[in-house]
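Notes to accompany the following structure.
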Amino acid sequence: MPSNYSLPPFRIKMVEPIRLISSQERSQKMIEAGYNPFALLSEDVFIDLLTDSGTGAMSHFQWAALMMGDEAYAGSASYFRLERVVKEITGYGFVMPAHQGRGAEQVVIPQLVRHPGMVFISNMHFDTTRAHVELAGAHAVDTACPECLDLPHFHPFKGNFDLSKLEKAILDYGRENVAGIILTVTNNAVGGQPVSMENIKKVCEIAHRFQIKTIIDGARYAENAFFIQQREPGYQNRSIMEIVREMFDYADVFLMSAKKDGLVNIGGLIAIKEDRELFQKCQTYIVPMEGFPTYGGLAGRDMDALAVGLKEALDIDYLRYRIDEVRYLGDRLREAGIPIQYPTGGHAVFVDCGAMCPQIPYDEFPAVAVSNELYLEGGIRAVEIGSLLMGRDPETRKNRKSDMELMRLTIPRRTYTLQHLDYVAECLKKVYDRRQEIRGLEFTYEAPVLRHFTSRFRPKN
Ligand code: PLI
């Protein structure tokens with residue numbers, strides 16, 4: 001292994017067998033799945049890079065903590081252990097668990113929508129966040145910085161907001177119509193790209209000037225903090241904990257899918273800095289949606305595992321290894337000439353399938369087609385972040401065209417070795433060599449909402 005990648009700061013004491021089924025079987029499974037990787041069975045997948053969400057490995061400290069779970073319906077001791085850790089990390093006054101990120105979203109987002117026609121503005125809404133904004137009767141507006149669209153060229157913080165676009169959006173919609181500003185850190189949809197502290201600070205300054213609440217969608221906030229430490233002038237000698245605290249100091253609310261940087265298989269969090277009224281509204285609302293406010297849809301043992309995982313994810317040795325394993329895969333692909341979002345993000349390598357297969361139009365979903373080839377080649381499952389995910393325009397019913405047609409190779413935490421990633425790179429190289437033969441897809445069934453999950457396809461002739 002080249003020496004400029006960090007070694008894993010752990011050894012393995014439990015393994016889960018995986019199996020590569022034959023090439024003929026994979027072809028058959030692909031047909032049965034209607035050419036949609038979401039419909040493949042886990043047992044038919046060799047290396048699963050669909051998501052980093054809830055797919056990581058827990059430490060022995062977390063497994064031990066599970067045994068301490070207090071399963072009381074109300075006032076569980078596990079809740080108070082979790083609350084202590086979240087308060088320590090965020091400095092916020094109020095904490096509630098939720099069953100996962102979208103559970104936190106469904107509780108908080110409707111409380112911020114005061115009248116019809118409101119908007120949320122984000123660097124980029126994640127798809128469930130967008131769905132909850134729309135379910136609450138509001139619109140989602142994205143103001144990502146233009147650098148994120150320049151895939152081959154380095155920029156340290158491609159996850160940033162475009163600050164002038166943000167201010168313009170506030171003025172255009174009117175501050176009384178902006179329900180909140182959502183900072184997605186890291187910015188998943190544009191490649192797991194980080195947001196700089198300077199950008200976070202300026203976004204929050206603008207928001208406070210207009211008296212708008214700021215919400216950190218912080219599924220991968222620890223990975224973001226690591227990038228700040230490595231890339232942003234003035235942060236090299238600051239600890240990850242100090243960086244994280246500064247970030248939370250600027251904002252008002254923290255929503256988290258704990259399935260990422262919480263290092264657990266299920267879980268979510270709501271933390272509110274000081275708005276007691278908002279907290280009380282959420283407390284009332286969470287009961288019918290997620291559960292009593294001291295468990296929010298989680299078992300006591302889940303909360304204990306999360307309390308430990310949150311601290312482990314802030315460990316500098318862990319983060320260095322984590323970001324390096326993703327970079328390792330990105331570097332292997334770039335060496336082979338495969339176009340990716342560069343630099344590599346925190347949780348995944350995003351392959352530019354628009355550039356790789358220009359013969360496939362956007363509405364024949366190039367990144368789904370490449371993902372399917374990768375499964376056929378090596379039993380590897382990836383996910384499309386592109387025009388299939390974008391869905392149709394609700395008014396014209398036309399396919400929305402994504403700015404980028406990306407295949408996300410998402411790396412679960414502490415799960416695969418670099419040998420696995422070498423294998424992924426080898427398989428993708430073979431797919432890349434035959435890229436001109438890859439055909440687009442057409443629907444045989446199109447699901448009416450969130451179509452990427454359940455639609456079915458056939459290859460175009
Ligand atoms: O999958 P949930 O409900 O725990 O979390 C929703 C969610 C919210 N925000 C962000 C930035 C996410 O990335 C996110 C979930 N992401 C998934 C499932 C993913 O595969 O990226």
Side-chain angles (χ1 to χ4, degrees), residues 37-38 42 48-56 96-109 120 122-135 140 142 144 148 158-159 161 180-195 200 215-225 247 251 253-271 286 289-290 296-298 302-303 305-306 309-310 313 326 341 345-350 367 371 381-386 388-389 406-413 415 450 452-453:
F38 276 103
S42 164
D48 203 344
L49 306 185
L50 189 73
T51 180
D52 63 324
S53 183
T55 52
M96 259 181 294
H99 86 278
Q100 60 182 87
R102 66 202 72 182
E105 289 164 358
Q106 74 163 342
V107 170
V108 175
I109 287 175
F120 283 85
S122 177
N123 42 349
M124 190 76 83
H125 291 82
F126 179 69
D127 57 5
T128 59
T129 323
R130 188 183 306 278
H132 280 297
V133 163
E134 288 170 4
L135 284 169
D142 293 328
C148 71
K158 283 185 173 179
F161 278 78
I181 296 178
I182 300 177
L183 298 96
T184 310
V185 296
T186 56
N187 191 344
N188 185 1
V190 304
Q193 296 292 317
V195 185
I200 294 172
I215 301 117
I216 292 185
D217 176 2
R220 303 177 181 87
Y221 78 102
E223 291 172 1
N224 199 83
M247 179 184 85
V253 177
F254 173 41
L255 300 183
M256 184 186 193
S257 167
K259 299 169 75 173
K260 286 82 167 175
D261 280 352
L263 294 176
V264 286
N265 304 117
I266 194 75
L269 282 172
I270 300 165
I286 201 170
M289 307 306 282
E290 296 282 293
L298 291 180
D302 296 327
M303 293 191 277
L306 175 55
L310 284 167
V326 180
Q341 173 65 292
H347 66 297
V349 181
F350 288 65
S371 302
R381 172 156 64 174
V383 69
E384 187 242 25
I385 308 281
L388 176 65
L389 184 74
L406 302 169
M407 172 176 72
R408 188 180 74 173
L409 300 166
T410 336
I411 315 296
R413 294 170 181 77
T415 301
L450 294 174
H452 50 291
F453 291 123

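For ligands, and for the atoms within them, numbers begin at 1 and follow the listed sequence.
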Would you say the side-chain atoms of T55 pair up with the backbone N or O of P412, donor to acceptor, closer than 3.5 Å? no

Say whether, by atom type as modelled, one donor and one acceptor occur between the side chain of N265 and the main chain of G54 under 3.5 angstrom. yes

Which residues share a side-chain contact (heavy atoms from CB on, under 4.5 Å) with L450, sequence neighbours left out: H452, F453

Ignoring hydrogens and geometry, is there a side-chain-to-backbone donor-acceptor pair from T415 to R413 under 3.5 Å? yes

Residues with a heavy atom under 4.0 Å from ligand 1, by chain and number, are T51, S53, Q100, G101, R102, E105, F126, T128, T184, N188, D217, R220, S257, K259, K260, R408

For Q100, which residues count as a side-chain contact (heavy atoms from CB on, under 4.5 Å) partner, sequence neighbours excluded? R102, K259, I266

Test ring pair (Phe, Tyr, Trp, His ring centres under 6.0 Å) applied to F161 - qualifying residues, sequence neighbours left out: none

